[in-house]
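Order of listing sets the numbers, starting from 1, for every ligand and every atom in it. Everything numeric here is computed off the predicted structure, so don't read it as measured data. The chain is numbered in sequence order, starting from 1.
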Amino acid sequence: MPGSLKTEAIVLRGIRYGEADRILHLYTPERGRVSAIAKGVRRAKSRFGGRLEPFFRLNLVLYQGKSDLMTVTSAETIMGHPRLREHGAALDGAARACDAVSRLFGDGEPHAGVYHLLANQLALIDREPAKATRSNALTFRLKLLLAAGFAPHLASCASCGEPEHLVGFSGAAGGVVCAACEAGSFALSQDGHDFLVSALGRSLAEVPDASPAALAQADRAISETLEHHAHVRLRGVGSR
Ligand SMILES: [Zn+2]
C-alpha cells in the first residue's frame, strides 16, 4: 500500500539509471534488503549531495508508491565512512562485506543482527583502515554464516559427534569431521580450527590473527559451507 517508510539503511550498491538517477540496493534493519530509486542524484546540484553512495549509513525516508521500487524522498548521513574510501584494502573489504550481505540475504528477509554487524564492520575499517585484513574479512563472513543459520559445527565431529581426532572440514557435513568420517573433507590444521573457533567467539574488533595457511583453510571452510548450505558462491577474500 502507498505510504512513506522512515528507516536507517546502509547503501550496498548503486546502479546508474537513466540520465541522472541511480537505483540503490539498501540494507535496512527491519525490512532487510530493499531497492529504491534516487531521482536526479547524479546532477551536480542534487539535494542529496554525495550522500547516496555505497557504504553510507543513512536515515532515509522512502516513498512506496504502486511500483515495487521505492523512491528516496529524504536522506541524512549518520556515517559517511570517508577514511575507508582512501585506503585500498579497506575499500575492498567494505565492497566484499556489502556484496556478501546482498547475496546471502534476499529481499524481504529482515535481520537486525546482520544490519548491526555490517554497520560495525564498516565503522571498524573506517576508524582503522589497517584492520581490513584477510582475517577480518573471514571473521565477518563467519559471523554472517552464524546470522544466516549456517555456522559450521566446530566442537565435535559434525557427522558422528566424536570429540577428538578432528582432522578435516566438510562443507557437506557442515563442520569439522573426525578421521573415520573424513571422506569428502579437506585437511584442517589445529591452527585453522582455532581460527574458526575464535573468529566466531570474539568481536570483530578483536580479530584473531593466524598464519596464511590457517586463513586459507578457513576461507575454504566458509566457501564450502556456503556452497553446500546456502547455494551461494562468494569471491575469495584475497591474499592479504
Ligand atoms: Zn566422525
Distance, nearest 0.5 Å, that separates OG1 of Thr7 from CD of Glu30: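 Between atom OG1 of Thr7 and atom CD of Glu30 there are 6.0 Å.
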Polar contact flag, side-chain donor to acceptor under 3.5 angstrom, Glu8-Tyr115: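 Looking only at side-chain atoms, Tyr115 and Glu8 do form a donor-acceptor pair, the distance falling under 3.5 Å.
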Ser156 and His153: side chain donor to acceptor below 3.5 Å: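 Their side chains do contain a donor-acceptor pair, which is all the 3.5 Å distance test asks for.
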Other ILVMFWY residues reachable from Leu62 by side-chain steps of under 4.5 Å: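 Besides Leu62, the hydrophobic cluster comprises Leu5, Val11, Leu24, Leu26, Val34, Val41, Phe48, Leu52, Phe56, Leu58, Leu60, Met70, Val72, listed by chain and residue number.
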Heteroatoms of the protein, restricted to N/O/S, which lie under 2.8 Å from the Zn ion (ligand 1):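 Cys157 SG, Cys160 SG, Cys178 SG, Cys181 SG, with waters left out.
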Results of ring pair (Phe, Tyr, Trp, His ring centres under 6.0 Å) for His111 - residues two or more places apart only: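 Residues passing ring pair (Phe, Tyr, Trp, His ring centres under 6.0 Å) with His111: Phe105.
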Set of residues satisfying side chain to side chain donor-acceptor pair (under 3.5 Å) with respect to Arg85, sequence neighbours excluded: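 In terms of side chain to side chain donor-acceptor pair (under 3.5 Å), with neighbours along the sequence ignored, Arg85 is linked to no residue.
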